[in-house]
Amino acid sequence: MSAKDVLILAIESSCDETAASVVKNGRTILSNIISSQIALHTLYGGVVPEIASRKHIEKINQVVEEALTEADVTLEDLDAVGVTYGPGLVGALLVGVAEAKAISYAKKLPLIGVHHIEGHVSANYIEHPDLKPPFMCLIVSGGHTHLVIVKDYGEFEILGRTRDDAAGEAFDKVARAIGLGYPGGPKIDKVSKEGNPNAIVFPKAKLEDPYDFSFSGVKSAVLNHINRCKMQGEEICEADIAASFQKAVVDTLVEKAVKAAKEHHMDKLAIAGGVASNSALRQAMKEACEREHIRFYYPSPIFCTDNAAMIGVAAYYEYKKGVRHGWDLNAVPNLKLGER
Ligand code: KG4
Ligand code: ZN
């Protein structure tokens with residue numbers, strides 16, 4: 001480690017993962033510790049906010065210690081502390097924000113609040129040293145669906161967003177309806193591999209704004225299909241339903257993202273967020289980008305779903321810009337993209 005290296009400890013606790021990471025110079029991940037609560041929330045079929053907050057409190061110190069140990073650094077080596085302060089579950093966010101404030105206050109380190117979605121976008125920088133703004137980015141997570149131009153580090157122009165459900169939310173709801181359980185996305189991804197994506201044609205929403213999304217229609221169509229089959233005594237093929245639903249969502253995402261890239265003369269397109277780990281989306285986007293001579297970027301699955309490494313990367317670029325937060329930093333559950 002040279003004296004000029006910038007070491008950031010990052011913390012993420014916006015939903016059901018307690019995570020900490022040490023990131024060097026914005027692009028090198030020295031550690032990436034994630035304590036997932038998925039098994040706990042599976043009992044209830046989804047994330048229970050109160051349980052999430054309590055678990056974060058139990059785990060946060062241990063996760064931070066592990067991140068430092070694995071990176072082979074101490075608090076004395078750090079240059080700053082970065083933390084997700086929104087959007088997310090307020091009680092969950094507060095645990096990370098309080099932890100980050102305590103460490104930065106005790107060690108007199110700059111405190112940098114990070115937007116969770118900026119973190120997701122920044123996950124693309126980890127494994128692609130050549131990737132620099134500007135580029136087009138499709139953000140598809142459990143809570144968000146955004147199509148944005150990343151104009152500069154942390155600078156976004158929002159072209160479109162979902163009008164109702166987020167892409168990941170639709171995956172989770174459909175998975176529940178066909179009895180696959182929580183979390184739905186990875187389960188639909190897996191079972192779809194045994195299904196026929198052309199078995200059922202589910203509708204795609206037609207919206208006035210070409211870059212907006214709507215997934216509640218396709219979700220209702222799946223529910224109607226299941227009810228109709230049940231009423232008519234027909235057997236339900238879970239794999240076919242999953243594969244056909246996934247195709248409807250993936251086709252829409254690919255079509256809009258590639259159209260946006262072409263219309264805005266962007267030769268680089270990245271995907272981010274939990275749904276970006278979907279194998280059908282990655283494959284379809286790769287093929288479409290190849291056809292259109294657009295360079296396609298995507299993070300490894302571990303950096304797509306919630307993690308603190310991506311927050312450390314985003315924090316580094318905010319740090320370089322001189323962004324610093326005070327001790328009054330608070331959790332902002334509905335923080336808008338681009339707000340500081
Ligand atoms: O980004 P993320 O970890 O948390 C939020 O910020 O929301 O995204 C979680 C979402 C969940 O809805 C989950 O079902 C979905 O990402 N997801 C997937 C896959 N892996 C996770 N959706 C489709 N296919 C996957 N392989
Ligand atoms: Zn997320």
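In listed order, ligands and their atoms are each counted from 1. Numbers here are sequence positions counted from 1.
- Using a cut-off of 2.8 Å, one finds that H120 contributes an N/O/S atom close to the Zn ion (ligand 2).
- Both the backbone and the side chain of T305 come within 4.0 Å of ligand 1, judged by heavy-atom distances.
- If you look at H120 next to ligand 1, the close heavy atoms, those under 4.0 Å, all belong to the side chain.
- More than 12 heavy-atom neighbours from other residues, nucleotides or ligands sit within 6.0 angstrom of CG on L223.
- Proximity annotation for atom 21 (C) of ligand 1: of S279, A167, G185, G274, G274 comes nearest, heavy atoms only.
- Residue-level proximity to ligand 1 for H116 is carried by the side chain, the only part with a heavy atom below 4.0 angstrom.
- Using a 4.0 Å cut-off between heavy atoms, D189 contacts ligand 1 through its side chain alone, with no backbone atom that close.
- Because its NZ or CZ atom is not both nearer than 6.0 Å to the ring centre of F171 and within 45° of the ring axis, R176 does not count as a cation-pi partner of that residue.
- In this view, H116 and E12, S14, H120, D306 satisfy the side-chain hydrogen bond (donor to acceptor under 3.5 Å, both in side chains) rule, not counting sequence neighbours.
- By the neighbour-count criterion of 12 heavy atoms within 6.0 Å, atom NZ of K262 is sparsely surrounded, having that number or fewer from other residues, nucleotides or ligands.
- Annotation: cation-pi pair K256/F213 present, NZ/CZ under 6.0 Å from the ring centroid and within 45° of its normal.
- The atom of D306 nearest to the Zn ion (ligand 2) is OD1, with the search restricted to N, O or S atoms.
- Screening T28, I29, V6 against V23 for a side-chain contact (heavy atoms from CB on, under 4.5 Å) leaves a single residue, I29.
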